[in-house]
2 protein chains.
Amino acid sequence: MGGTMSAKGSTAPSPGSDTPTRILDTAEALVQQRGFNSFSYGEVAGELGITRASLHYHYPGKAILGRSLIERYAERFGEELARIDAGEPGPAEKLRAYVALYSGVLSEGRMCLCGMLAAEFLTLPEELRDPLLRFFDDNEAWLAAVLEEGRSDGAMQFAGPAGETARMLIGGLEGAMLIARPYGDTERFRRAAAGLLSGLAMDA
Amino acid sequence: MGGTMSAKGSTAPSPGSDTPTRILDTAEALVQQRGFNSFSYGEVAGELGITRASLHYHYPGKAILGRSLIERYAERFGEELARIDAGEPGPAEKLRAYVALYSGVLSEGRMCLCGMLAAEFLTLPEELRDPLLRFFDDNEAWLAAVLEEGRSDGAMQFAGPAGETARMLIGGLEGAMLIARPYGDTERFRRAAAGLLSGLAMDA
DNA sequence: GTCTATACAGCGATAGAC
DNA sequence: GTCTATCGCTGTATAGAC
């Protein structure tokens, strides 16, 4: 078989990209759908039309691949948050845009990568644990700033430190994804998210 | 080796029980800690001091074992809810007792069995899916009744159908567990749960 | 009801040719 | 950078003795 043939997987990893990127794209989708312990080098390789050995050339071990997945995911998420900061006028709009980020992931039939990994935490290679917690810490910090801004300008109401409410929201959104996905019902997620925001005295 | 020796596992399955029950106890703990796809017949057998073949005698396949786990878990959960209904004076107390159910699970280092399985939904044997969704449906129905009662007697405030808020709470609690567990911090869960309840205008 | 032994598939990983 | 071939291990599951 020649090297020009490329299998088109159901997850559609950006076709013009280089191999390491296509590997990350495919593996990312598989982890979000099936979990870190339930996807294999064989699946990724098969979807990409290469061999497992070739995959090992780019990512020598599953733990390394996993770490790369988290790091890229966190980086992209951070970029989205920066984009929201730059594009949305006020804290209420930022919060709604944040929720829309989750919505978009779920509508592809995926769980949040880090939410999925959180469920598998006890079985995860050690190197994945710190970067995983950092993802949640970064989200919390960003959300806390938005909430603080919303409270001081009167758009939101909540008691106690903003970080506490930020944690509650992150958990609430991750959990809403977790449960909406088995039902195959994105709308279910959106209503739960709206309920979460209404607890802050936001209209939706 | 004689048949009288029994390995004492770290999960401590009630020692006086019969073998099928001890199997369920051990497997349940493992699924809640590691996930359905990340525990094995070998681990359960090892912890119980029996062989995998013997395990297969009681539960011929992993799917059957999984189904038995969900059914027993749902049944026990239902009993707990009935106990709350019988023992707690009002809806606010019932809600707090419901949260304490989750707290108790998490404090053992476990995820909710069904929350864990929800994360693995796409890889689950087909026979587990319906019973899993039923668990959430039953929780929702119970919670909705409590919420409705709380709203009509003025102890709680929320807009729209009680079932919607019930779903939001279930997701919120599952997600709070999901994230508090990697941090090894039960208190983190409790604060998030309190934040969830405060959105209903409950003091904690 | 528990055991030993085994079948068979899949996994992650490595060596070495091209 | 990709391949073929293979190693060593673990997984679920089954057959048959006791």
Indicate whether OP1 or OP2 belonging to [N] is found under 4.0 Å from a side-chain N or O atom of [X].
X        : N       : result
Thr51(B) : dC3(C)  : yes
Thr19(A) : dT2(D)  : yes
Ser40(A) : dC11(C) : yes

Tell me which nucleotide among dA13(D), dC3(C), dA13(C) gets nearest to the side chain of His56(A). dA13(C)
Look at the side chain of Ala53(B) and decide which nucleotide, out of dT2(C), dC3(D), dT4(C), has an atom nearest to it. dT4(C)
Rounded off to whole Å, could you give me the [atom1]-to-[atom2] distance for the [X] and [N] pair?
X        : N       : atom1 : atom2 : answer
Leu30(B) : dG11(D) : CG    : C1'   : 15 Å
Leu55(A) : dC3(D)  : CG    : P     : 10 Å
Leu48(B) : dC3(C)  : CG    : P     : 10 Å
Tyr41(B) : dG10(C) : OH    : P     : 19 Å
Arg52(A) : dA9(C)  : CZ    : C1'   : 12 Å

Tell me which residues in residues 57-67 of chain A lie within less than 4.0 Å of DNA chain D, going by non-hydrogen atoms. Tyr57(A), His58(A)
Partner set under salt bridge (Lys or Arg N to Asp or Glu O under 4.0 Å) for Asp138(B), not counting sequence neighbours: Arg134(B)
So, are Arg190(A) and Glu187(A) salt-bridged, with charged N and O less than 4.0 Å apart? yes
Distance, nearest 0.5 Å, that separates [atom1] of [X] from [atom2] of [Y]:
X         : Y         : atom1 : atom2 : result
Arg83(A)  : Glu88(A)  : CZ    : CD    : 12.0 Å
Leu113(B) : Leu132(B) : CG    : CG    : 8.0 Å
Thr19(B)  : Tyr59(B)  : OG1   : OH    : 9.5 Å

Just to verify, which of Tyr98(B), Phe77(B), Phe135(B) counts as forming a ring pair (Phe, Tyr, Trp, His ring centres under 6.0 Å) with Trp142(B)? Tyr98(B)
